[in-house]
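We name chains A, B, ... by the order of the sequence lines, and we start the count at 1 in each one. In what follows, every heavy atom counts, from backbone to side chain, and hydrogens, waters and symmetry copies are set aside.
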There are 2 protein chains.
Amino acid sequence: METEMTCERPEVTERIAARGLRPTPARCRIVTLLLDTHEHYTPEEMLQALRQQGEPMSIATLYQNLAKLSEAGVIGRFVGPDGVSRYDAVTDPHHHLICEVCGRMVDVRAAGPLEKIRPEPVFPDDEGELARWQVKARKVEFTGVCPACQARLERAS
Amino acid sequence: METEMTCERPEVTERIAARGLRPTPARCRIVTLLLDTHEHYTPEEMLQALRQQGEPMSIATLYQNLAKLSEAGVIGRFVGPDGVSRYDAVTDPHHHLICEVCGRMVDVRAAGPLEKIRPEPVFPDDEGELARWQVKARKVEFTGVCPACQARLERAS
DNA sequence: ATCATTGCAAACTGTTTGCATCAAG
DNA sequence: CTTGATGCAAACAGTTTGCAATGAT
């Protein structure tokens, strides 16, 4: 039972250390997993993935480290439409494209005049107040049908 | 202990019945609350609001009815950034403007060439697959600072 | 020696379900 | 009389925390 003291990959070690966290084995495994896939894992899914790699981890340790890593900006975190936290390796602001059939989600950038999109009131009474908001950012959630589901739907029709 | 058999307001009764649900007292109170405010209530907040109006309700009844009402399209539902469900009276597709300081959220429409905003890959490997997605909708989450928080921040500086 | 990390178990929060009671069609 | 609504209590799922053992500096 040898204990690996740092990550195998210097890339990972550096990424963690750069944010002032110690690159412990648990953290390295988490970050490596996220970097190698472009998945948006829930904690539970990560646990399974790590278990399959023969590198299991306590659920408490996982949650503790996910919190630290995401607070430090080493990994990204958001809450899915089902209310469950999800984590990914992309920390820069980005957007999501979600398949309305299977729920799959891919990271995307938004091309086009995003800054030109402005909020306007749904309720007329909000008009005045809305004008005094300072709008700083826009995040777009694209929904549609992924290629795999399009094929499946066609076949079924 | 008289039992009100339908809503006081025909508007509310109709809205519920139009979707094939019986306008029971509990449902009427929920829908009335959402129509009268433009809040995005969590179930817990609704419970408090109803209690203050002297019309409390069992938490189970509340959850059961929120599920039915939102599935039937009588009310809108979404999951907030904290992972907690929130409900509002707006069922048409719309967008949100969120204060990054206090978390307040208002319903907005998106003005501008929203259809012109298109997803493009973050990872080059996704390029080919991304082109084959069928993009159907875009939802924008605006973030910024609300007038009240702007004032508070100014005062503090 | 000190401080951070790990991980088990227990606590907590938001949500759902089983079931008995009550009201409506 | 049959079906649906209510509400209490128990069950659940995701997440957090207390704490003791372990490992790193």
Phosphate OP1/OP2 of C:dT6 contacted by A:N65 side-chain N/O (<4.0 Å):
yes
How long is the line joining CD of A:E55 and P of C:dT6, in whole Å?
13 Å
Report the nucleotide, chosen from D:dG18, C:dT15, D:dT6, that has the shortest atom-to-atom distance to any side-chain atom of A:Q64.
D:dG18
Examine C:dA4: is either OP1 or OP2 under 4.0 Å from a nitrogen or oxygen in the side chain of A:K68? Give yes or no.
no
Taking the side chain as everything from C-beta on, heavy atoms only, tell me whether A:H96 gets closer than 4.5 Å to A:V108.
no
Which comes earlier along DNA chain C counting from the 5' end, the contact point of B:R22 or that of B:A60, where each point is its nearest nucleotide?
B:A60
Quick one: A:R27 CZ to C:dG7 P, roughly how many Å, whole number?
12 Å
With a 4.0 Å cut-off, would you call A:R86 and A:E45 a salt bridge?
yes
Pick base, sugar-phosphate or nothing for B:A26, based on heavy-atom distances below 4.0 Å to the nucleic acid.
sugar-phosphate
Once you round it to whole Å, what is the distance between C1' of D:dT15 and CZ of A:R77?
9 Å
Scanning both residues in full, the closest heavy-atom pair of A:S70 with A:R77 reads CB-CB, 3.9 Å
note: B:R29, atom CZ; D:dG7, atom C1'; distance rounded to Å ~ 12 Å
Tell me what B:E44 touches on the nucleic acid: a base, only sugar-phosphate, or nothing, going by heavy atoms under 4.0 Å.
nothing
Nearest-angstrom distance from the residue atom CG of A:L21 to P of C:dC3
19 Å
Scan B:T42 against the nucleic acid and name what it touches under 4.0 Å (heavy atoms): base, sugar-phosphate only, or nothing.
nothing
Which nucleotide, D:dT15, D:dT17, D:dG7, lies nearest any side-chain atom of B:T61?
D:dG7
Could you check if a side-chain atom of A:C28 sits within less than 4.5 angstrom of a side-chain atom of A:I16, using non-hydrogen atoms only?
yes
Could you check whether B:H40 and B:H38, counting side-chain N and O atoms only, form a donor-acceptor pair closer than 3.5 Å?
no
Nearest whole Å is fine: how far is C:dG7 P from A:M57 CE?
7 Å
From CG of A:L62 across to P of C:dT5 the rounded distance in Å is 15 Å
Do the side-chain N or O atoms of A:Y63 get closer than 4.0 angstrom to the phosphate oxygens (OP1, OP2) of D:dT16?
no
Tell me: CD1 of B:I59 to C1' of D:dC8, nearest whole Å?
12 Å
OP1 or OP2 of C:dT6 versus the side-chain N and O atoms of A:T24: is any pair under 4.0 Å?
yes
